[in-house]
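The structure appears below as structure tokens.
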Amino acid sequence: MPKKSQPSFAIAILAAGKGTRLKSRHPKVLHEIGGKPLLAHVVAAAIQVVPPQNVFAIIGHEAEKVQAALEHTGIGFVLQAEQRGTGHAMLQAREALRRFQHVLVLSGDVPLIAPETIARVRDFHTQHKAAMTILTAEPPDPTGYGRVFRRVAKGKETDEVERIVEQKALRGEEAQRREINSGIYGFATEPLYAHIGKLGTANAHHEYYLTDIAELLRKAGEKVVALRADDPGEVLGVNTRMELAQLDAQLRAKKARELMLAGITIFRPETCDIDSDVEIGSDTVIEPFVQLIGETKIGADCRIRSFSVITNCQLGDKVLIQPGCILEDSIVRNGAQLGPYTHLRPGCDIGEQVHMGNFVEAKKTRLGKGSKANHLTYLGDSEVGDSVNVGAGTITCNYDGVNKHRTLIEDGAFIGSDATLVAPVRIGRGAYVGAASCITGDVPDDALALARGRQVVKEGWAKERRAKTKPTAK
Ligand code: UD1
Ligand code: CA
């Protein structure tokens with residue numbers, strides 16, 4: 001016998017709202033927690049449950065910006081040009097969703113939802129052959145959420161739902177109800193779209209509430225059920241800046257916990273900001289007040305000392321980042337040591353065992369194995385070979401006011417302190433540049449280049465001056 005085909009599921013993500021309560025000029029779902037837009041978290045969970053082409057974000061407020069930020073995920077978009085409520089949003093998606101038997105609805109502002117929970121809603125919905133399944137929760141403070149009222153039979157609450165009542169419409173005793181609507185649902189598409197046209201706007205916001213469909217479906221004899229989430233923390237929504245901060249903290253605490261369980265030491269994790277997508281190898285130590293941002297990957301046995309901010313970088317193994325380093329869009333290879341106060345601007349490739357020290361700034365620069373630039377240096381648009389010593393205060397003059405030029409320093413070269421290297425320029429293999437030289441032309445391999453005034457010594461000059469120059473009366 002041929003296997004019965006699985007019912008088809010789409011996921012719709014409600015993401016068109018303005019987010020009035022955030023008091024922001026930017027779309028709500030692009031506000032970030034854990035270094036990623038709220039909506040990106042929801043999409044990441046959704047595409048673990050159904051393929052991206054079955055996922056539709058319903059967008060409206062600043063739709064182009066929202067679409068541009070999520071386009072790379074391969075999901076579809078539906079425009080809700082005017083935001084007239086969550087029910088109205090689902091109505092706009094009718095054409096996109098019609099060909100699916102079921103649709104799971106997620107909220108763009110409920111970002112911590114786990115794929116496993118979405119799958120549980122799907123399975124509960126299928127098992128109960130329900131027209132609507134509502135994911136509920138009992139958070140410590142239910143204020144602000146819609147409340148779910150279940151059918152009571154023989155003095156006990158059942159799986160079946162009578163209705164959802166929004167916070168502002170709660171009357172008397174109803175306000176005590178702790179079971180909230182998470183805004184996450186499963187629907188059979190056929191009954192949903194058969195009844196959605198009956199939604200009205202007789203409510204505090206004069207909007208079409210998707211929540212009202214629960215009662216409409218039940219009255220039409222359809223089955224509406226509720227499933228309680230195990231972890232109420234997963235379905236918290238972001239409506240205010242305080243909630244944004246809370247969820248960001250919650251997400252980062254979870255990230256830190258996962259990393260620690262995987263063998264990474266994080267001292268005072270509550271002081272560190274580690275973005276969701278950061279990866280760290282085992283036995284690496286993260287000191288207090290470190291920020292690891294974006295797609296940063298750190299190898300094993302590294303130490304990242306306090307007050308360093310590392311954005312979109314790849315660090316090898318056994319790397320030591322001393323306090324106060326700022327590293328961006330760069331690679332740091334095994335065994336390198338940076339800082340304190342090293343600044344890597346985008347495009348650097350720092351070789352194995354390299355040492356870079358205080359107040360050394362680099363941009364679009366490669367340093368070969370074992371090279372050193374320990375103090376007060378700027379290396380821009382430079383190619384530095386292996387075992388090069390860049391003395392304190394060395395500056396590459398890479399910019400002529402119009403164009404940028406490259407500096408090439410070959411293997412084993414020695415750049416004396418306070419040298420200025422005016423690019424384009426090449427310092428050959430094993431060459432020496434004398435301290436305080438201003439180098440404007442290439443230096444051949446193994447040569448010494450000196451480009452500074454010769455020292456003049458005038459014996460006794462200072463003593464004579466003191467004798468001749470009397471202080472003027474005050
Ligand atoms: C909604 C539910 C509430 C539930 C809560 C859970 C309704 C009427 N209420 O309230 O029962 O407890 O979520 O977090 O649904 N949106 C659109 N188009 C619109 C309006 C909203 O796409 O026209 C989107 C928003 O961008 C947001 C989501 O729908 O992502 C929820 O809207 P929001 O206004 O935040 O609803 P809540 O008041 O939180
Ligand atoms: Ca909300």
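Values in this document were obtained by computation on a predicted structure and should not be read as measured data. Remember, it's 1-based here, ligands and their atoms both numbered in the order they're listed.
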Margin query: Does any N or O of ligand 1 fall below 3.5 Å from an N or O anywhere on Tyr145, backbone included?
Written below: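 Between Tyr145 and ligand 1, no N or O pair is found under 3.5 Å apart.
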Considering only distance and modelled atom types, tabulate donor-acceptor pairs under 3.5 Å from the side chains of residues 38-55, sequence neighbours left out.
unit_1	atom_1	unit_2	atom_2	d
His41	NE2	Ile33	O	2.8
His41	NE2	Lys36	O	3.4
Asn54	ND2	Phe9	O	3.2

Tell me whether ligand 1 is touched by [X] - counting only heavy atoms on the residue side and a distance under 4.0 Å.
X: His88; value: no
X: Ile180; value: no
X: Arg21; value: yes

With a cut-off of 4.0 Å, which atoms of ligand 1 are near a heavy atom of [X]?
X: Lys28; value: 35 (O)
X: Ser107; value: 28 (C), 31 (C)
X: Gly108; value: 30 (O)
X: Ser182; value: 6 (C), 14 (O)

Checking Arg163 against Phe149: charged group under 6.0 Å from the ring centre and within 45 degrees of the axis? yes
Show me the side-chain donor-acceptor pairs of residues 91-100 shorter than 3.5 Å, one per line, residues at least two apart or across chains.
unit_1	atom_1	unit_2	atom_2	d
Gln92	NE2	His88	O	3.1
Gln92	NE2	His88	NE2	3.1
Arg94	NH2	Tyr193	O	3.0
Glu95	OE2	Arg98	NH2	3.1

For Phe124, enumerate each residue passing the ring-ring contact (aromatic ring centres under 6.0 Å, His included) test, keeping only those at least two apart in sequence or located in another chain.
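For Phe124 the ring-ring contact (aromatic ring centres under 6.0 Å, His included) partners, ignoring immediate neighbours, are His128.
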Scanning both residues in full, the closest heavy-atom pair of Ser276 with Leu251 reads OG-CD2, 3.6 Å
The protein heavy atom nearest to atom 9 (N) of ligand 1 is Glu166 OE1, 3.0 Å
Name the closest protein heavy atom to atom 29 (O) of ligand 1, giving the residue it belongs to and the distance to 0.1 Å.
->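 Minimum-distance protein heavy atom for atom 29 (O) of ligand 1 reads Leu14 CB, 3.3 Å.
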Sorted by chain and number, protein N/O/S atoms nearer to the Ca ion (ligand 2) than 3.0 Å are Asp109 OD2, Asn239 OD1
- prompt: Short check: is a protein heavy atom less than 4.0 Å from atom 2 (C) of ligand 1?
  reply: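 Within 4.0 Å of atom 2 (C) of ligand 1, protein heavy atoms are found.
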